[in-house]
Each structure stands twice: as structure tokens, then as C-alpha cells.
There are 2 protein chains.
Amino acid sequence: MKKLTKIAPIENLSLVDKVELRLKEYFKENNLKIGDSIPKELEFAQAMGVSRTSVREALLRLRTIGIIESKKHRGMVLTQPDIIRNFEKAIDFNLLGDQTLKDIFELRLILEMGMADLLFARKTEQDLKILDKIVSKQEKEEKNTNFFSLENEITFHGKLYQMSNNSTLQRFQDLLLPVFQFVHDNKLPEAKNFKYSSGKFVTHRDLLNILDKGTPDAFREAMRKHLEPHFEQILEA
Amino acid sequence: MKKLTKIAPIENLSLVDKVELRLKEYFKENNLKIGDSIPKELEFAQAMGVSRTSVREALLRLRTIGIIESKKHRGMVLTQPDIIRNFEKAIDFNLLGDQTLKDIFELRLILEMGMADLLFARKTEQDLKILDKIVSKQEKEEKNTNFFSLENEITFHGKLYQMSNNSTLQRFQDLLLPVFQFVHDNKLPEAKNFKYSSGKFVTHRDLLNILDKGTPDAFREAMRKHLEPHFEQILEA
DNA sequence: AATATTAATTATGTCCTACATAATGCAAAA
DNA sequence: TTTTGCATTATGTAGGACATAATTAATATT
């Protein structure tokens, strides 16, 4: 099919798309910040020469993302978008495809491998005590076994995320966990009775001891061994 | 203030919130998957006994997130949500607060520290050649200097993300980069003329050599040194 | 004068009806 | 068989009306 080189493409933005772009320009031109009030729906509609319905639909997009918040009688203000919220909804609707699930599973592993320096910089005595409690409880339940328990993993590692003192990371992990668990339960059928196949077995106790008295490098080495079952599965794919 | 224990809380979900919940239930009850068609706006409105406008607002939320896609004359289908898209918009509107920006800056570092195993598992000869070109070009420009260049960082590390073969991570990085750059340019005033303060200087060439012939552990150690300027800044805060 | 109550106003939330528009399907003509 | 024209379809847009929660102002009570 030969392209028509003399005919320019027709702009096919919908009216609501255009309104949204105009809103963005308006916010930038006026240097609006989080917390600032913005004009009313009717004011925007009149200024743009469109119906309130179209303005409403554009604003509704921004509301969904979290860029604005609206109150009856008061109007609307700019808010900091919650960058995790819509990720939550995607998961809630069970609409992530296999490839994305796999990506997220890997992303979780990458984060676990990458957070050592933050943990060492930000650990407190209180944190270590709580971790000790978690590990002691897990040791009682497991009794010298190498079986992999996802629930214990989630408890221990969840605490590590908390210790990072990075709230975005924590919120992100709250979402990664269900995905991780879903993939683990449904897509990796051999995982449930998994035993460590090679190398030294690194327990949560080992990790905690290093976190208490070791170095970030040593922690990374140990974490890699600890996560070996998962790495084995994804790196062979 | 003593709670009234005999009075049940008033449900204050808006009508559109309720419609959204019903839609979610409907999708789950009918086991709908990506690509499946869903009923028309009017059909939903009639079935739920609400106006088309309220259904439209609920559907518009889902459309914004990417859960559904609508076509004139054809109706709507379920799609895999693009989990990165709304993150893009948050950045586009310049509405992230300082704390979130800092979190994202750290998140980037964590990802860099964590991706070694994927790189080693998925590197190709082609990848290494391209990296060699990138590094050679950078070496020509720099000529035995320890100055930190953000642009070179972005080029080199961007290629690493690509090599991970994890599309979510790549898309995520496309977003992290502008934030990283913004924070670097605007929030870390000392960064522009930064020199390495301690330890052995690890270049992109060093990293590439290890990636070619070394181990993931060695790569992690080297990467940590390479990223020392950034880590210094966040870990002292 | 201070406080409580009521009324008025405000701006978003919801509803309804009508029409516009892009897209598909079908029938007729070439 | 291919092209054109028309009818139908379902989302997109418009405009008006009313509902509702929340704020402000006015009035009544103490």
C-alpha cells in the first residue's frame, strides 16, 4: 500500500483528549502546585467553549490517576498522585498477562538483591529485635528442615522492605507480594515441595546475623544463595 | 468522644463507586479475560437500574487505567492494563513531592544493584559489542578524567536495563530516568562537579569487562563502587 | 456577647434526552 | 468481483435539570 505523501494526517484527538491537554498546559502555565485550588468545572467549560460534560470527562481522568481531588461546594485541588494505586487496581481485576506476571516476579527478586545498602544504613536495634522474633518463631515451626515456606518468606522479607524506610518501595512491595504469591502458587508447580539443590543453605537466621554484624557485600552474597530456588526457575526459562 | 455502639456506620460510597464495584464483580463472576467483549454502556445501565452517565463515569475510570478499551460501533473489550502509563502522567504533570522523588531516586539505585544475575543470564555477544561501542565513545570524550557525567551514565545503564529482557523493568526505567535526572539536576546541587572521594574508581569499562568475563558477585561489588556518589548522598540524609 | 439553629448558597454528583460521529455490515450497482 | 451508498450501531458530546453534601450567612436563643 503506497502512502499518500502529499496528504497530511488528520488529527484525531477526541475532544476530551484536547481538554486534558489544555488542562495540563493550564497547570504548567500557572505554576500550580500540590494543594492549589483550580477553577470550577463550569469555569473551565465556559473558558474552553465546550460543554461541562467534556470537561468532566477530562477531569475524571485526572481524578482517577489521583492528580486532582474534588469536594462538593469547595471545588478541586491538585494532589500528589498515588503512583501505586492504579497498579493495585490492575492486580485487583486479575488482568495481568503471563509475561507481565513473570516480569514482576523478576522485579521482586531484583529489589531483594538490591536493597542491602539501605538496610545497613537504616537498620535500628528495634528492627533487629523484631526480625529476631520473626526468625525464632519460624525456626520453631520448621525444625531443621530445608523446605521452602512462602509464608515465612513473605513475613521475613516484608520486614526488610519496611526497614528500607522508602515508602514507595514499601507500597510497591505490598503489591508485588500478591503477584509473587500468585505466580508461585499457580505458575511454578514444582515450587511447593522445593528443596535446595546446591550450595550452602542460607537461612533467615544467617541473613539476620549478617545484617546485624556483617557487611552489605556479604549480605548480597547470602541473599543470592537464599533466593536460589527462584533464580533457578527464572534463569532457565 | 464515646462511640455510639448501636448505630451502624452510614455507607458513603458514591453511586459511581458502587457501579465500579459491580463491574469488577461482573468481570470476575463471568471469568472474563483480556480480549473479551463486555456489554454495552446502555446494557449495563439498564441492568443496574442507573443512568448511562453513571455507568460511563465508572467505565471511564477503568478506561483511564487501561483495563478496558472502547471502540465506536464495536463496544468495549478488556485489555491488559499498562501499569506504567499513569506513572508517566504523574511525572508529566510535575506533581511528585520531594519525598516521593527521593524514594524513586533510591529505587533506581536498588534496581541497578539488583539486576546482575539477569544481566549475566541474558547477555548476548551483540549486547556486549554495543556496550563496548558506548564505552569507547565515552572514553574518547572523557580522556582520563574522574568527572561524573550523567548523560554517559544514562546511556550506559539504559543499555543494561535493555539487556535484562524484562519489559516491565525497561518501561519502568524509562520513567525513572527523568526523575533521576530531575533530582540530580535540581536537588543535589553538588553533584555536577562531583569527583570520587574514596575507594577505587570503577569505570564503565571495568563494569563491562566484568560483565563479559566475571561473575555476578564481582559485578555487584563493582557496581556498588561505581554508584558510590549517589549512595553517599542518600545514605547521609 | 456568645452560641445554636436555620436558611441560603455553592459546586460537585447524578440523571435525562438529544444529537454527533466513527465504524461496521449489508445491499445494490458497475 | 469490486466499489459505492445507505442503514445501523455504540461510543462521544452537548445541554439542561435536579440531587446532594458542604460551606457560609443570617437569625434566634441564651
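First the proteins, then the strands, lettered A, B, ... as listed; each starts at 1. The structure displayed is predicted, hence computed values, not measured ones.
Toward the 5' end of DNA chain D, the nearer of the two residues Lys71(A) and Gly75(B), judged by each one's closest nucleotide, is Gly75(B). Each of Val50(A) and Leu42(B) was matched to the nucleotide of DNA chain D holding its nearest heavy atom; the match closer to the 5' end belongs to Leu42(B).
Between the side chain of Thr53(B) and the base of dC16(C), at least one donor-acceptor pair of N or O atoms lies under 3.5 Å. Side chain Arg52(A) to base dG16(D): no donor-acceptor pair is found below 3.5 Å. In terms of polar N and O atoms assigned as donor or acceptor, the side chain of Arg74(B) never comes within less than 3.5 Å of the base of dG25(C) in a complementary pairing.
Going from atom CG of Leu60(B) over to atom C1' of dT13(D) covers 13 Å, rounded to whole Å. Distance, Glu41(A) CD to dT14(C) P: 11 Å, rounded to whole Å. Regarding Lys72(A), its NZ atom lies at a distance of 18 Å from the C1' atom of dT24(D), rounded to whole Å. Residue Arg61(B) contributes atom CZ, which lies 13 Å from atom C1' of dT14(C) at whole-angstrom precision. Rounded to a whole Å, the CD atom of Glu57(A) is 16 Å from the P atom of dT12(C). In this structure, Lys40(A) atom NZ and dT10(C) atom C1' are separated by 9 Å, rounded to whole Å.
Minimum atom distance to the side chain of His73(A) is reached by dA21(D), of the listed dG12(D), dA21(D), dT13(D). Candidate nucleotides dT12(C), dT14(C), dA14(D) were compared by shortest atom distance to the side chain of Ser54(A), and dA14(D) ranks first.
For the pair Thr155(B) and Lys137(B), the minimum side-chain heavy-atom distance is 4.5 Å or more. Using a 4.5 Å heavy-atom cutoff, the side chains of Gln126(B) and Ile130(B) are in contact. You'll find the side chain of Met48(B) stays beyond 4.5 Å of the side chain of Tyr26(B), heavy atoms only. Between Tyr161(B) and Leu177(B), the closest side-chain pair of non-hydrogen atoms is not below 4.5 Å.
At distances below 3.5 Å, not a single donor-acceptor pair connects side-chain atoms of Arg63(A) with backbone N or O atoms of Ile68(A).
Among the protein residues, Ser70(A) comes within range of the sugar-phosphate backbone only, with heavy atoms under 4.0 Å from sugar or phosphate atoms but none that close to a base.
OP1 or OP2 of dG13(C) sits under 4.0 Å from a side-chain N or O of Arg56(A).
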